[in-house]
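One structure below.
On a predicted model such as this, the values are computed, not experimentally measured, just so you know. Naming: A, B, ... by sequence-line order, numbering from 1 per chain.
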2 protein chains.
Amino acid sequence: MAKRKPTIHEVAHLAKVGIGTVSRVLNNHPSVRTETRERVLAAMSSLGYSPNPHARRVAGGRSYTISLILPVISTEFYNRLLEGIEQVLSEERYEIALFPIFSPLRLQRYLESRSLAYQTDGLLVASQGLAHLLPNQRFPTERPVVLVDAHSPRYDSAFVDNYLGGQMAAQHLAAFPGELFAIQMQEELDEVMRNTVGQERVAGFRDGLARVGRSLPDAHIFVSRFSAEGGRLALQHFMRLSRPPYNIFAGADLLALGVLEEAERQGLEIGEQVRLLGFDGHTWTEARGLSTLSQPIEEMGAEAARMLLERIRGYKGSPRARRFEPTLVVRSSTQDHTVYAD
Amino acid sequence: MAKRKPTIHEVAHLAKVGIGTVSRVLNNHPSVRTETRERVLAAMSSLGYSPNPHARRVAGGRSYTISLILPVISTEFYNRLLEGIEQVLSEERYEIALFPIFSPLRLQRYLESRSLAYQTDGLLVASQGLAHLLPNQRFPTERPVVLVDAHSPRYDSAFVDNYLGGQMAAQHLAAFPGELFAIQMQEELDEVMRNTVGQERVAGFRDGLARVGRSLPDAHIFVSRFSAEGGRLALQHFMRLSRPPYNIFAGADLLALGVLEEAERQGLEIGEQVRLLGFDGHTWTEARGLSTLSQPIEEMGAEAARMLLERIRGYKGSPRARRFEPTLVVRSSTQDHTVYAD
DNA sequence: TTTCAGGGTGGAAACGCTTTCTTGCAAAAT
DNA sequence: ATTTTGCAAGAAAGCGTTTCCACCCTGAAA
């Protein structure tokens, strides 16, 4: 029992070819006849074979695995990001090893050079404040590093312009009658987990409002942890401050969800007494009729993955920064039925 | 540039020994003379040598890595669990590869037999409903599997008795005057993410109350997502139902934190008008004076890790179940200053 | 018909280690 | 003095891959 995993030799034997040919099939080498390739692939799947990444690394210098370091907050966002990354990498038969940052301590472990995180072919880092923590702002590795949803002059990066998103929110919401409000994601207390995304979005909102002659009083900004319940508390808070209609920019779709829930509880009509704009563009927003600033999360992840692959393959240029812009998606939560001068 | 890393051969040559001896030094093999060992160590540090982990894994036939599959909810709990597991494994030169379940889709990928998760020496699975999803309730691997914070007759497991914890909460809180309330963690809608922990705790609470002749009306159970804000909403809800004092069993410390925050906002005194008992025993509860049912999370993780190591080393016995019990920690949140008959 | 090019393939060597086998040698036992 | 024991350490055989070289074809060019 406990039969060992099949090796390339067993595949070769079953397919009646040499091990060299099996290896060529594994690596998509062009000079393998289609008929041979198929026989080998059939043998592989019949044996349940998968190559040993460590042996690949020893022999060829590549393990066909990359590391993704990411925080464990805001899971829907990271889930989509992962999806985008995986899309690109799986086409190239790359695997992803995840390094979720559960705590500052755990992060420190990841940053030690002997960590498993550095034993792969490259690093994808999805954490804002992370680069700033490192000595010389560099990760302790010779292998390529690409930042995603973050920015640094040292490394390739792909990120969304959150400030711009805030401005777009301002432009959209300022057109409606009624007072303006914002819900901002609380910044983590810990330096290590620092995440300024919420700040950037609200700053853009405030500045965007200023540009059209409106101002956002500090009292109209509700700071909340990242949860739907936070959105509910925010609406309760706003209701104590003033009367409808409320024009609310929620710093994230999840916060907006709480506003929707609480509005329903309070009997406020969405699109009339409460105009609500989220941020993220998660799929469920469509069903809920929630207007939102849609981020191209998957594309951002895919682009980061592509840049990393290029680096792994030897590209040596200076760091590239790919900026993505959110898109305003208007739904019923900011489309009321009354008509006013336009 | 990029001079190649020194290998075991160069170390052996410099220290004037064979490569076998260098390897023995690396692996703390006892039969190396102290004098020889020191010569080898000196050679290593003078060359800046560090062993190639991939080569070790290929040659040794082991990956010196185990997989930990876990959900990404309730991060403090899992952080502590990880800590306990790592404690044991790092002593044995083992690394942990994490497989966080971000979504049902991602879980399905982990369960496919060709996943990276199965490229390691063993599996540690910290997810309640997971075993039930599998064909024949077995993971598609010949490697050893141990469940932690979960239970199944098929595999070794280490878990905390949540129902008992609920009963202990009942016994403690029923002694105080005033009405009784509970906050229960919402079950995930998704079958895959199913987590009955919240249910078990509240069920124990209800049954424990029944035993002493008290009952817990359904209206006194507030079901909330897992967030501090959920606790705040819960207290608001209870305040609408009845007057102080409130005796509240929060299904998790994080929910209790929200109750603390909201009580402060509402001017209710903890320990007097609000008696509050959490569940988990996280470290911050001490500073906040929160009574709680402390779970031996680290020990549970450590025990699971030990069982897995034994299996990896060839232990063949039938599945073992290790049950842990929570401990009641009484602090000021359930120690009021008034005196009544005891 | 012969020569040549080049695609397709098998197998040996290499990657950097661990592990087993073997030998050398000194101390203990006969 | 001879045999036995056991520890230390070198040599060599793997581990599961990639890569390179040599060889065999087949078909086009001469």
## Note on the structure
Outer limits of DNA chain C sitting under 4.0 Å from a non-hydrogen atom of chain A, read 5' to 3', are dG8(C) to dC15(C)

### Query
What string of B, S and - do you get for nucleotides 12-18 of chain D 5' to 3' if you count protein non-hydrogen atoms under 4.0 Å?
B-BBBBB

### Message
Among residues at least two apart in sequence or on other chains, which ones pass side chain to side chain donor-acceptor pair (under 3.5 Å) with Ser31(A)?
### Response
His29(A)

### Message
To check you understand the geometry: which heavy-atom pair defines the closest contact between Leu98(A) and Pro100(B), and what is its length?
### Response
CD1-CD, 3.7 Å

Only pairs under 3.5 Å count here: list side-chain donor-acceptor contacts from residues 62-69 of chain B, not counting sequence neighbours, and write none if there are none.
{"unit_1": "Arg62(B)", "atom_1": "NH2", "unit_2": "Tyr64(B)", "atom_2": "OH", "d": "3.2"}
{"unit_1": "Ser63(B)", "atom_1": "OG", "unit_2": "Thr65(B)", "atom_2": "N", "d": "3.2"}
{"unit_1": "Ser63(B)", "atom_1": "OG", "unit_2": "Thr65(B)", "atom_2": "O", "d": "3.2"}
{"unit_1": "Ser63(B)", "atom_1": "OG", "unit_2": "Asp121(B)", "atom_2": "N", "d": "3.3"}
{"unit_1": "Ser63(B)", "atom_1": "OG", "unit_2": "Asp121(B)", "atom_2": "OD1", "d": "3.0"}
{"unit_1": "Thr65(B)", "atom_1": "OG1", "unit_2": "Ser63(B)", "atom_2": "O", "d": "2.9"}
{"unit_1": "Ser67(B)", "atom_1": "OG", "unit_2": "Ala117(B)", "atom_2": "O", "d": "2.6"}
{"unit_1": "Ser67(B)", "atom_1": "OG", "unit_2": "Thr120(B)", "atom_2": "OG1", "d": "2.6"}

### Query
Mind checking whether Tyr155(A) and Phe139(A) have parallel, tilted or perpendicular rings, split at 30° and 60°?
tilted

### Query
Considering residues at least two apart in sequence or located in another chain, which fulfil the side chain to side chain donor-acceptor pair (under 3.5 Å) criterion with Glu299(A)?
none

### Message
Using a strict threshold of under 4.0 Å (side-chain N to carboxylate O), is an ion pair present between Arg57(B) and Glu95(B)?
### Response
no

### Summary
Sequence neighbours excluded, the answer for ring pair (Phe, Tyr, Trp, His ring centres under 6.0 Å) partners of Tyr118(A) is none

